[in-house]
Amino acid sequence: MDWADELAASVDGPQVVNDSKTPSGTVHVGSLRGPVILDVITRALRARGLPTTLLYGVDDLDPMDAQALLSPDAIEREMGRPLAHVPDPAGDCHASYARHFAGIFIDTFAGLGIHPDRYYWMSDIYPTGQMDPYIRIALDRAEVVRDVYRRVANVRHPDHWLPLGVICPDCGKVGTTIASDWDGETVAVACRPDLVTWAVGCGWAGRVAPFGGAAKLPWNLEWAAQWSLFGVTIEPNGKDLATAGGSRDRSNAISREVYDREPPMNFPYEFLNIGGKKMSTSKGRGAAAHTITTVVPPEQLRFLFVRSRPESVIEFDPEGTDAIPRLFDEFDRLADATAGKEVRGELPSGHENIFRFSLLDADADVAGVADAYRPPFAHLALLAQVPGVDVVARVEAEKSAPLSGAERAELDTRLSSVRRWLEAYAPERARLEIRRDALPAEASTLRPEQRGFLRALAETARADAPASGEQWQSAIFAVAAEHGIDAKAAFNAIYLAFLGRANGPRAGWLLASLEHDFAIARLDRAGAAAEEATA
RNA sequence: GGGCCCGUAGCUCAGCGGUAGAGCAGGGGACUUUUAAUCCCUUGGUCCUGGGUUCGAAUCCCAGCGGGCUCACCA
């Protein structure tokens, strides 16, 4: 993990890091990779002592082109209008469709320790007139723009075509208008029913002065204009934009040839795939960004993105796998290594950086944070499934010391992750189920001495009912010793009798969580001879 | 059709010119109270294929093959 420092080392002077997003709908987890990379780059630049500004923009004047979240009657009316002018489909707290979806996405940033110095909304920027000079230049140099499209992207626009998206004064759509005949103050506009397939224009025609928010630049020009307006020096982007003749190429050329400015340093990054496929919230593959944070806490989510090289696809498949527990385990391993503890196995290069950049607080005392006690995820997943267990007490016993405030908070975070994981993602083998209805078929594999042990344990418990997990646990060890079978076989017998599996959570607490009569009856039943038990 | 990325152990990946690595999974063992914990040991690779450069290639170059994303409409 040296990419951020290498990037930081390759530049000098003040830096402006920028990214922007079109809020056309629910944003999935993969889209958080960009903001995390942006933040890590910013931290690396600042660590080098370079004054750095982090900007994050919302391109909310872009036309609405996704109808999935609109009601049928809204489709005809809203498709093609600027996202900032489309009503919030949830009809709740936000001023617009764009504010709703961008808001949900952006709200996750702070929770991830990402704190842009400034958020900007293009629907706010245009009305101020700040974009007007760039609109004017684009119109004056329309010939150059058309040439760039032709040369770089092999897109041939008609000679009268102007790089401008006027918001129709009549129907308010921006995706359906075509502008021509720039006279230095106004353009001729036609709102066409058939300009694009996904939206229908109203047919209005007339002249418009395209300033102060009456019009927007097409995306490739808007991007280049943002670079000039904000003085952007570094702008990473997803690899979808990085293709030859794609958005970045066009905007780079426009920046140079139309706005006379060298474009910012590029830094393409790959996506996050689910099961070898691109995430797609519309296809039900992959979780929405704001949902995944309920099961993968912020530090682990940052870790997921930070530990991989940006140019590598990340394969992440949390459904029915132990991908999430492993993510925690690896995080904990790097934490231990950073704290100077012995860890097993090799460490990835730059592992201290990986850990540091995974932390929410850029100025955290890294060594101190790393040293905290972190209960293993899989272990918590067991504890959480046994009723009546005092998880905090168990974890403190394992740490052999009381938890600090931060450790206690971390435990709570992990417990809530664990519960969400068990609900929504965990594989069957991670779930415990007490076989209440009948003796599990697997219990037929019990050996005679194990059956004897179970009967004896039932007898002991009947005579003197264990009142706690502790007492059950003692009874198990004591009876096992009397019977001359080792602890492993004893536990194995209990797990088979109650869970139908060879292992499980601490058996004493498991038994203590059950009704006393049921526990004893089951012990007797499982302890009965094989032929009886299967009868 | 064009572009980019990736193909290394069952899975996820590191290594990116000098004797093939890690985690997890699998196998074996230790453990009278953390029993899916912890500790020890261990199986497992034509490093996608074929050429080339080199004293030496998983690593660099070329060509294939496979996978993914993307552009050629808009953003």
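Proteins come first, then strands; the chains are lettered A, B, ... in the order of their sequence lines, and each starts at number 1.
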How many Å lie between CZ on Phe267(A) and P on C4(B), as a whole number? 18 Å

Using salt bridge (Lys or Arg N to Asp or Glu O under 4.0 Å) as the criterion, list what pairs up with Glu311(A), not counting sequence neighbours. Arg309(A)

Scan every strand shown for a Watson-Crick or G-U wobble partner of G26(B), both distances under 3.5 Å, and answer none if you come up empty. U42(B)

When all nucleic acid strands are considered with a 4.0 Å heavy-atom cut-off, which category describes Gln473(A): base, sugar-phosphate, or nothing? base

Taking U38(B) as the reference, what is the distance to A25(B) when you measure between their P atoms (whole Å, please)? 10 Å

Determine the interatomic distance between P on A14(B) and the same-named atom on C60(B); round to the nearest Å. 14 Å

With centres under 5.5 Å and planes under 30°, do Phe477(A) and U33(B) count as stacked? yes

Under a 3.5 Å cut-off for both contacts, is G1(B) paired Watson-Crick or G-U wobble with anything, and if yes, with which nucleotide? C71(B)

Please give the nucleotide sitting opposite A63(B) as a Watson-Crick or G-U wobble pair, both distances under 3.5 Å, or none. U49(B)

Could you state the atom-to-atom distance from CH2 of Trp509(A) to P of A37(B) in whole Å? 17 Å

Expressed in angstrom and rounded to an integer, what is the separation of Asp336(A) atom CG from C39(B) atom P? 10 Å

Taking only the P atom of each, what is the distance from A57(B) to G50(B) in whole angstrom? 14 Å

For the pair made of CZ in Arg326(A) and P in A22(B), what is the distance, rounded to whole Å? 16 Å

Test of understanding: with salt bridge (Lys or Arg N to Asp or Glu O under 4.0 Å), list the residues that count as partners of Asp19(A), not counting sequence neighbours. none

Using distance alone, with no hydrogens and no angle criterion, decide if Gln471(A) and Asp464(A) have a side-chain donor and acceptor under 3.5 Å apart. no

Rounded to whole Å, how long is the line connecting atom CD of Glu315(A) with atom P of A14(B)? 12 Å

Could you go through residues 492-500 of chain A and list every donor-acceptor pair under 3.5 Å that involves a side-chain atom there, pairing it with any protein atom two or more places apart or in another chain?
residue, atom, partner, partner atom, Å
Asn492(A), OD1, Gln450(A), NE2, 3.1
Asn492(A), ND2, Ala502(A), O, 3.1
Tyr495(A), OH, Gly504(A), O, 3.3
Tyr495(A), OH, Pro505(A), O, 2.8

Figure out the CZ/C1' separation between Arg333(A) and U12(B), and round it to whole Å. 13 Å

Just checking Phe331(A) against Phe355(A), ring centres under 6.0 Å apart? yes

Asp317(A) CG to G68(B) P: how many Å, rounded? 15 Å

Using the C1' atom as the point on both nucleotides, what is the distance between G51(B) and C5(B), in whole Å? 24 Å

Non-neighbouring partners of Lys239(A) that pass salt bridge (Lys or Arg N to Asp or Glu O under 4.0 Å), sequence neighbours left out: Glu270(A)

Interatomic distance at P, U46(B) relative to C4(B), whole Å: 31 Å

Take atom C1' in C6(B) and the same atom in C48(B), then report the distance between them in whole Å. 11 Å

How far does the P atom of G66(B) sit from the matching atom of G27(B), given to the nearest Å? 36 Å

Does the structure show a Watson-Crick or G-U wobble partner for A9(B), both distances under 3.5 Å? Name it, or say none. none

Candidates U35(B), U12(B), C6(B) - which lies nearest the side chain of Arg309(A): C6(B)

Nearest-Å distance, CZ (Phe271(A)) to P (C6(B))? 15 Å

Give me the distance, rounded to whole Å, that separates A30(B) from G67(B) when you measure between the C1' atoms they each carry. 44 Å

Suppose the criterion is side-chain hydrogen bond (donor to acceptor under 3.5 Å, both in side chains): which pairs have a residue in residues 372-388 of chain A, not counting sequence neighbours? His379(A)-Glu398(A)

Between Asp322(A) and Lys239(A), who's closer to the 5' end of RNA chain B by nearest nucleotide? Asp322(A)

Check nucleotides 71-75 of chain B against the protein and report each pair of N or O atoms closer than 3.5 Å, with its distance, or say if there are none.
residue, atom, partner, partner atom, Å
C71(B), O3', Arg250(A), NH2, 3.4
A72(B), OP1, Arg250(A), NH2, 3.0
A75(B), O3', Asp62(A), OD1, 3.0
A75(B), O3', Asp62(A), OD2, 2.6
A75(B), O2', Thr22(A), OG1, 3.0
A75(B), O2', Asp62(A), OD2, 3.0
A75(B), N6, Ser247(A), OG, 3.3

Consider only side-chain N and O atoms of Ser180(A) and Trp161(A), and report whether a donor and an acceptor are under 3.5 Å apart. no

Give a yes-or-no answer on whether the side chains of Trp509(A) and Gln473(A) include a donor-acceptor pair shorter than 3.5 Å. no

Would you kindly compare Ala481(A) and Ala507(A) by the position of their nearest RNA chain B nucleotide and give the one closer to the 5′ end? Ala481(A)

